[in-house]
Amino acid sequence: MIGVFDSGLGGLTVLRALVARFNTVDFVYLADHAHVPYGNKPSEDVIGYTRDCVEELFSRGSKLVLLGCNTATAVALRRLQQQWLPESKWAAGHNVLGIVAPTVEGATQTPWAVTSPQYPQKYNTDTIAVFGTTRTITSGVYPEEIRKRCPKVTVVQQICSELAGAIEDKRPEAELDRLVREGVEAMLASNGNMPPHRAILGCTHFPLVEHLFRKYLPPFTRILSQPEVVADSFEDYLARRTNYLNGDERGSVTLLTTGDPQDVSEKARVFWSDVPAFARA
Ligand code: DGL
């Protein structure tokens, strides 16, 4: 059983892509609605909440947890992988993965196994725009991971501090439209009004308003589908790590929230019409 975690509903965009890809794997998704949004919270809070949720998923039988959240990946993944997990009771046979590295691999077309810049990526001088929460952008993890693979790529980062919360709260389309327009305009202004070659929607909530990013980004800019590239990378990973699966998996999907299950189920249905009901974690 694979665990997928997000602060709220955004990680469902990743879960959906995984469920479509692995129809015999059991998934359990945990949304931390008690604390959403994470994007403007102090790092120590994000790390603590993420660790608690990963523990909850491990205790429910997941051996592998994917942080379907850019903010948690950017802020907490290294700490959890390098400090917490090796010293925890889950050290043996468990792992936590994030979604930033696979996204960067997709954006730079540099596969997972490549750790140093390869030809022709070494000479790639494209511009990649990254939109994310305050914590994701200020962590600098996207430019760091992109430059490891493509040192000549220009990365233009843009904080969209209110957008994930507004999507989570189901605010009116006009308000979401304004927040996306302002984010895109600020990104273009900081890049001398030059359109980027590619855009990473570096928050799992943002694919829910991809149509608005498409409306305001120049047609020249290709928007990367984070859920799809994460699913590609995860498929490759799982094929080599079947030990994280139990022999008797049947393709079940369990959705949990630390918030109000009825309210969360209703909100989720807006963008995933046949989503299973959430239960209280
Ligand atoms: N969906 C999450 C992300 O990918 C978090 C948004 C938030 O909680 O602020 O960053």
Side-chain angles (χ1 to χ4, degrees), residues 3-18 29-54 65-78 80 96-104 106-107 129-143 145 157-171 176 179-180 183 199-210 212-213 223-231 233-234 255-259 264 267-268 270-272 278:
V4 180
F5 159 73
D6 183 42
S7 59
L9 295 174
L12 288 179
T13 58
V14 174
L15 180 72
R16 259 177 97 164
L18 294 176
Y29 178 87
L30 175 56
D32 190 12
H33 283 98
H35 302 110
V36 72
Y38 282 9
N40 299 320
K41 291 200 164 69
S43 298
E44 286 306 317
D45 290 357
V46 173
I47 293 168
Y49 299 147
T50 305
R51 185 200 53 228
D52 291 349
C53 289
V54 170
V65 172
L66 178 67
L67 305 182
C69 174
N70 292 270
T71 308
T73 302
V75 175
L77 181 66
R78 278 186 202 158
L80 297 190
V96 191
L97 301 175
I99 57 174
V100 171
T103 303
V104 168
V130 182
F131 297 90
T133 65
T134 307
R135 285 275 88 77
T136 297
I137 297 302
T138 57
S139 76
V141 68
Y142 269 103
E145 292 292 335
Q157 296 206 95
Q158 181 59 47
I159 292 174
C160 299
S161 63
E162 306 304 320
L163 188 54
I167 294 167
E168 193 70 43
D169 290 349
K170 271 183 29 197
R171 301 251 190 88
L176 301 177
L179 290 170
V180 173
I200 295 174
L201 306 188
C203 171
T204 52
H205 284 73
F206 295 177
L208 302 174
V209 289
E210 183 176 328
L212 298 177
F213 279 95
I223 300 177
L224 187 90
S225 170
Q226 185 174 48
E228 285 306 317
V229 297
V230 167
S233 165
F234 201 67
L255 304 181
L256 303 169
T257 175
T258 57
V264 170
K267 282 181 177 161
V270 172
F271 61 89
W272 185 352
F278 276 80

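Whatever order the structure lists them in is the order used to number ligands and atoms, beginning at 1.
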Where's the contact between Asn40 and ligand 1, heavy-atom distance under 4.0 Å: side chain, backbone, both or neither?
neither
From Asn70 CG over to His205 NE2, what is the distance, rounded to the nearest 0.5 angstrom?
11.0 Å
Need the ligand 1 atom indices (1-based, order shown) with element for anything under 4.0 Å from a heavy-atom of Pro37.
7 (C), 8 (O), 9 (O)
After noting the C-alpha distance and the side-chain angles of Phe206 and Val180, does the key distance pass the side chain to side chain contact (heavy atoms under 4.5 Å, CB included) rule?
CA-CA 9 Å; Phe206 295 177; Val180 173; over 6 Å; no
Measure the distance from atom 1 (N) of ligand 1 to every protein heavy atom, then report the residue, atom name and distance (to 0.1 Å) of the closest one.
His205 ND1, 2.6 Å
Does any non-hydrogen side-chain atom of Val14 lie less than 4.5 Å from one of Phe234?
no
Could you label the plane-to-plane angle of the His33 and Phe278 rings as parallel, tilted or perpendicular, counting under 30° as parallel and over 60° as perpendicular?
perpendicular
If you scan protein heavy atoms around atom 9 (O) of ligand 1, the nearest is Gly39 N, 2.8 Å
Nearest neighbour in protein (non-hydrogen) for atom 10 (O) of ligand 1
Thr71 OG1, 2.6 Å
Closest to atom 7 (C) of ligand 1 among protein heavy atoms sits Tyr38 N, 3.3 Å
Any side-chain heavy atom of Ser161 within less than 4.5 Å of one from Thr134?
yes
Nearest 0.5 Å, what's the CG-CG distance between Leu212 and Leu179?
9.5 Å
At under 4.0 Å between heavy atoms, is it the side chain or the backbone of Thr133 that contacts ligand 1, or both, or neither?
side chain
Could you check whether any heavy atom of Cys69 sits closer than 4.0 Å to an atom of ligand 1, since that is the contact criterion I want to use?
yes
Indicate yes or no: at least one non-hydrogen side-chain atom of Tyr29 is less than 4.5 angstrom from one of Leu12.
yes
N/O to N/O below 3.5 Å, does that happen between Gly68 and ligand 1?
no
Tell me, which protein residue and heavy-atom name are nearest atom 5 (C) of ligand 1, and how many Å apart are they?
Ser7 OG, 3.4 Å
